[in-house]
Number of protein chains: 2
Amino acid sequence: MEDLPLARALTQALRLLVDEMHTRLAALGFEDLRPAHGYVLNAAAAPGGTTSSRVGELLGMTKQGAAKVVAELEAGRYVSRKGNGGDGRTRPVTLTAKGRRALAAAAAVQNELEAEWVELVGARDVKALRRVLHAVLDRGRDENGDLPPLRPTW
Amino acid sequence: MEDLPLARALTQALRLLVDEMHTRLAALGFEDLRPAHGYVLNAAAAPGGTTSSRVGELLGMTKQGAAKVVAELEAGRYVSRKGNGGDGRTRPVTLTAKGRRALAAAAAVQNELEAEWVELVGARDVKALRRVLHAVLDRGRDENGDLPPLRPTW
DNA sequence: TAACAGCAGACAACCGGGTTGTCTACTCTT
DNA sequence: AAGAGTAGACAACCCGGTTGTCTGCTGTTA
């Protein structure tokens, strides 16, 4: 148990986790999903869907950048942008059937991976890990109570 | 204690940590350092320094890409590339005095931040966090025993 | 009920951090 | 002495994002 700096250990562990997650998703037939996509799908699953602008805030990028990400997902038939839903300015982003399947697959893979971590180090330590992360995130909420953006800063 | 997916909690916590780290480094006068730079400085601190190619492996990018990162650090006077050190092919990358100061500052800030985490959730949970990360990383070593690259996949 | 500030989004140009591709110089075998 | 392998430089390119500008819709104020 050497003394790797926390940031370094977190970075590499997250990289392993994300890589493995997308390897498995690809094996399930979802080969064109990037990490950011999962979060967009998740946002689109909310009742009423989401909008490009809100995706931008979520991911920590401009609304124009987010619109491009959404366009990719639309091209892949994961989401659709129905015209108007009462407010003529917005074009709400909602899940297609394929999008729902992808989201379910992603959740299943996440559960698999977490179960493997539990098997590796025990439920007790994984619970502690969650406690730490949640505490840090809670402290890191901004004035509106929102969590930080999902994209790395690199 | 909701049930945020692990990948999501890790991503956002890491983002907070990295952002805060660089905010504090900037306050100490190191405003031109990106996250990747710290890892390069760290590698350059090894006896004999490092090389662009090895930096590439470490960060998970091509040697040409790594050479650009090293060139940035050289322009910022954090490292110098002395000509030849016995092997005429390599131009070893070593720390300047400024590079050593930056590295020491980074270490100090990391210690500060970890201490704040301990204060927030207790030493016991932070230890558990380390145990989990180390176990996952150990399992994730490749055939040569090397850890995964430091860059996110995004 | 008109004016106007504000927001969602589209479109186009650009940028920067990386990749790809190619080349030279050097070293290590044999 | 020759050939395979490695470190690095240089140039062209790419792609995921940003910046800047514009249109159309909404909601508030008067």
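When reading the values below, keep in mind they use all heavy atoms of this one structure, side chains included, and skip hydrogens, waters and symmetry mates. Just so it is clear: chains get the letters A, B, ... in the order the sequence lines come, proteins before strands, and each one is counted from 1.
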Q: For the pair B:Leu147 and A:Leu16, evaluate side-chain contact (heavy atoms from CB on, under 4.5 Å) and give the outcome as yes or no after the intermediate values.
A: CA-CA 9 Å; B:Leu147 290 172; A:Leu16 275 175; over 6 Å; no
Q) Can you check side-chain contact (heavy atoms from CB on, under 4.5 Å) on A:Val121 and B:Arg131, steps first, answer last? A) CA-CA 8 Å; A:Val121 298; B:Arg131 268 199 302 278; 5.7 Å; no
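Taking both residues in full, the closest heavy atoms of B:Ala45 and B:Leu103 are given as CB-CD2, 3.6 Å, listed atom of the first, atom of the second, then distance. The two residues B:Pro148 and A:Arg15 come nearest to each other via the heavy atoms CB-CG, 4.5 Å.
Side chain of A:Arg91 to backbone of A:Arg81: a donor-acceptor contact under 3.5 angstrom is found.
Just one residue in the list A:Thr11, A:Val18, A:Leu10 forms a side-chain contact (heavy atoms from CB on, under 4.5 Å) with A:Leu14, and that residue is A:Val18.
When each of C:dT20, D:dT18, C:dG17 is scored by its nearest atom to the side-chain atoms of B:Thr62, the top-ranked nucleotide is C:dT20.
Atom CG of B:Leu58 and atom P of C:dG18 are 13 Å apart (whole Å). Straight-line distance from the CG atom of B:Leu150 to the C1' atom of C:dG18: 17 Å, rounded to whole Å. Rounded to whole Å, atom P of D:dG8 lies 15 Å from atom CE of B:Met61.
By the 6.0 Å contact criterion, CZ on A:Arg139 is enclosed, its count of non-hydrogen atoms from other residues, nucleotides or ligands being greater than 12.
Summary for the helix from C:dT1-D:dA30 to C:dT30-D:dA1: the axes at its two ends, each from 5 pairs, differ by 20° when rounded to the nearest 10 degrees.
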Q: Between protein and nucleotides 1-15 of chain C, map the contacts as a letter string: B base, S sugar-phosphate only, - none, heavy atoms under 4.0 Å, written 5' to 3'.
A: -----BBBBBB----
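Evaluation of the side chain to side chain donor-acceptor pair (under 3.5 Å) test over residues 31-52 of chain A, restricted to residues two or more places apart or in two chains, returns A:Asp32-A:Tyr78, A:Arg34-A:Glu72, A:His37-A:Glu72.
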